[in-house]
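The chain is numbered in sequence order, starting from 1. Side-chain atoms are counted along with the backbone in the values below, which use heavy atoms only and exclude waters and symmetry mates.
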Amino acid sequence: MFDSVRDDIRATLDEIRAAGLHKPERVIGTPQSATVEVTAGGRPGEVLNFCANNYLGLADHPDVVAAAHAALDRWGYGMASVRFICGTQEVHKELEARLSAFLGQEDTILYSSCFDANGGVFETLLGAEDAVISDALNHASIIDGIRLSKARRFRYANRDMADLEQQLKEATEGGARRKLIVTDGVFSMDGYVAPLADICDLAERYDAMVMVDDSHAVGFVGAGGRGTPELHGVMDRVDIITGTLGKALGGASGGYVAARAEIVALLRQRSRPYLFSNTLAPVIAAASLKVLDLLESAGDLRDKLNANTALFRGRMTEEGFDILPGDHAIAPVMIGDASEAGRMAELLLERGVYVIGFSYPVVPQGQARIRVQLSAAHSTEDVNRAVDAFVAARAELQG
């Protein structure tokens with residue numbers, strides 16, 4: 001059977017390569033850190049890593065690694081079960097309680113990834129008589145999760161409050177029983193922050209719930225690292241927060257939904273990705289508890305991340321690069337052409353800076369970019385070296 005489709009698949013792959021959209025996977029031979037060693041798929045040797053979600057530099061933090069080692073001895077390797085059968089340990093309940101307290105929510109439920117968390121919310125909470133109103137630039141996991149539900153779907157232009165209000169009016173006039181506004185807290189391809197205070201104001205006016213995927217904020221955005229709800233002073237007005245343990249919170253894997261108690265209780269009974277997926281590995285749960293301990297005194301790490309971000313954004317702007325405005329550690333350098341973005345990423349790797357060119361379908365056609373991600377683990381010298389490498393790569397590309 002496969003022989004009849006092999007040529008079609010090969011032709012599609014050839015088209016992807018010809019359009020400059022092929023996404024090679026480079027292999028690193030070291031732990032995730034500010035510097036990594038590339039062993040395949042690029043220039044061998046140690047390079048500066050400016051494309052990981054390791055915002056606070058905790059992925060190889062010795063205390064986190066030690067907690068993971070201790071957890072293997074205490075809790076074992078894996079659960080070989082789902083939560084409601086025999087997959088719940090004390091460490092899972094402790095992590096849920098700690099996340100709830102940290103995020104200012106009533107309860108939390110763990111998932112194997114934030115993709116699964118977003119995939120499990122909408123179908124559980126919303127039916128055909130309900131409406132979901134989603135930002136146009138929301139993460140793919142939100143889009144896929146909405147598709148799994150039977151709710152009516154409304155989309156508003158990115159961070160456009162006038163459009164959001166129009167969609168809320170239409171949903172209300174259409175007789176929606178429940179209305180749920182969903183947005184990324186920080187939009188991962190742009191580094192833009194959602195205007196949560198304005199969103200919450202509209203939600204209250206139109207009797208809607210608010211859901212935020214805060215994967216690119218929790219740990220380092222807000223005075224205490226509690227994310228965009230803390231940044232905007234609306235921690236008590238957001239009904240559902242989804243997020244990941246795989247970025248600033250240690251960088252392993254796993255996701256969660258922190259929400260009103262009744263919402264979490266229903267997810268435990270009806271959310272398919274939760275009911276039919278293996279429990280989060282106990283070693284990740286235990287290491288994540290250590291990360292939460294570290295966050296209590298991580299003000300210096302957040303300060304260093306902010307300083308690195310300001311330095312990179314400032315110098316790149318001075319050098320004439322088109323960098324999307326903002327102050328988030330996601331700093332997209334706009335290139336436009338997909339092939340050119342890929343070529344620049346290769347030239348940067350040759351100069352010892354590991355970054356990735358993003359193009360369609362990850363970003364819209366004609367908006368290819370190199371998404372630079374700063375980390376508290378980077379030194380000032382690292383940041384300056386990265387900017388100098390961009391300048392040199394651009395000169396070669398243009399020359």
Side-chain angles (χ1 to χ4, degrees), residues 26 28 30-38 42-43 45-65 186 188 190-193 216-225 231 247-251 291 294-335 344-345 347-357 369-396:
R26 296 169 182 152
I28 62 176
T30 58
Q32 187 68 275
S33 190
T35 60
V36 293
E37 182 179 339
V38 176
R43 187 198 75 166
E46 188 175 87
V47 294
L48 291 172
N49 183 3
F50 278 88
C51 59
N53 300 312
N54 189 25
Y55 295 111
L56 294 176
L58 299 180
D60 64 341
H61 192 286
D63 290 352
V64 177
V65 174
V186 175
S188 61
D190 303 275
Y192 294 148
V193 179
H216 286 277
V218 170
F220 62 99
V221 171
L231 178 69
K247 295 184 178 19
L249 302 187
V291 168
L294 293 172
L295 289 183
E296 293 179 1
S297 58
D300 57 335
L301 293 178
R302 289 189 285 272
D303 290 343
K304 179 59 175 173
L305 175 60
N306 291 336
N308 286 343
T309 299
L311 175 61
F312 180 83
R313 284 179 169 273
R315 278 210 59 201
M316 289 291 284
T317 300
E318 291 171 1
E319 295 291 350
F321 286 91
D322 181 9
I323 185 167
L324 294 183
D327 56 9
H328 192 271
I330 293 172
V333 182
M334 303 304 291
I335 307 298
M344 178 168 277
L347 292 173
L348 284 163
L349 188 62
E350 291 174 8
R351 288 162 174 78
V353 176
Y354 183 7
V355 291
I356 296 294
R369 67 200 66 184
I370 292 175
R371 184 184 68 173
V372 175
Q373 291 171 276
L374 285 302
S375 171
H378 291 132
S379 68
T380 299
E381 180 186 2
D382 292 339
V383 177
N384 282 320
R385 279 182 57 195
V387 176
D388 293 342
F390 265 96
V391 173
R394 178 179 60 186
E396 181 171 342

Going from CG on D322 to OG1 on T317, what distance comes out if it is rounded to the nearest 0.5 angstrom? 9.0 Å

Check ion pair D388-R315 (N to O, under 4.0 angstrom): yes

Assess the residue pair L249 and L58 against the criterion (side chain to side chain contact (heavy atoms under 4.5 Å, CB included)); give the C-alpha distance rounded to whole Å, side-chain angles, the decisive distance to 0.1 Å, and a yes or no. CA-CA 7 Å; L249 302 187; L58 299 180; over 6 Å; no

From I28 atom CD1 to N49 atom CG, the distance as rounded to the nearest 0.5 Å: 6.5 Å

Under a 4.5 Å cut-off applied to non-hydrogen side-chain atoms, are T380 and L311 in contact? yes

V333 and M316, any side-chain heavy atoms less than 4.5 Å apart: yes

Show, in sequence, the C-alpha distance, side-chain angles and deciding distance for V64 and L294, and conclude whether the side chain to side chain contact (heavy atoms under 4.5 Å, CB included) test is met. CA-CA 9 Å; V64 177; L294 293 172; 3.7 Å; yes

Side-chain donor-acceptor pair under 3.5 Å between D60 and Q32, yes or no? no

Apply the test side chain to side chain contact (heavy atoms under 4.5 Å, CB included) to residues F312 and I323: give CA-CA distance (whole Å), side-chain angles for both, the deciding distance (0.1 Å), then the verdict. CA-CA 10 Å; F312 180 83; I323 185 167; 4.0 Å; yes

d(Q373 CD, I356 CD1) to nearest 0.5 Å is 10.5 Å

Between T309 and N306, is any side-chain donor less than 3.5 angstrom from a side-chain acceptor? no

Between E396 and R351 (salt bridge meaning N to carboxylate O under 4.0 Å), is one present in this structure? yes

CD1 of I370 to CG of L348, rounded to nearest 0.5 Å, is 5.5 Å

Let me see the working for F220 and H328 under side chain to side chain contact (heavy atoms under 4.5 Å, CB included), right down to the final yes or no. CA-CA 10 Å; F220 62 99; H328 192 271; 3.5 Å; yes

Is the centre of the Y192 ring less than 6.0 Å from the centre of the H216 ring? no

Side chains of F390 and E319: does their closest heavy-atom pair fall under 4.5 Å? no

Does any part of the side chain of L48, heavy atoms only, come nearer than 4.5 Å to the side chain of R385, both counted from C-beta? yes

Could D190 and R369 be called an ion pair, given the rule that one side-chain N must be under 4.0 Å from one carboxylate O? yes

Relative to the ring of H378, is the ring of F50 parallel (under 30°), tilted (30 to 60°) or perpendicular (over 60°)? parallel

Please find the pair of heavy atoms, one from L374 and one from L305, that lie closest to each other, and give the distance. O-CD1, 3.4 Å

Indicate yes or no: at least one non-hydrogen side-chain atom of V36 is less than 4.5 angstrom from one of E46. no

Can you find a pair of side-chain heavy atoms, one from R371 and one from S188, that are under 4.5 Å apart? yes

Counting only heavy atoms not in D327, do more than 12 fall under 6.0 Å of its CG? no

Considering all heavy atoms of both residues, which atom of A393 and which atom of L347 are nearest to each other, and what is their separation? O-CD1, 3.7 Å

With rounding to the nearest 0.5 angstrom, report the CD to OG1 distance, E37 to T30. 6.5 Å

Side chains of S375 and N54 only: does a donor on one sit below 3.5 Å from an acceptor on the other? no

Checking R26 against Y354: charged group under 6.0 Å from the ring centre and within 45 degrees of the axis? no

Distance from R394 atom CZ to I335 atom CD1, nearest 0.5 Å? 9.5 Å

Which atoms form the tightest heavy-atom contact between A34 and A377, and what is the distance? CB-O, 3.6 Å

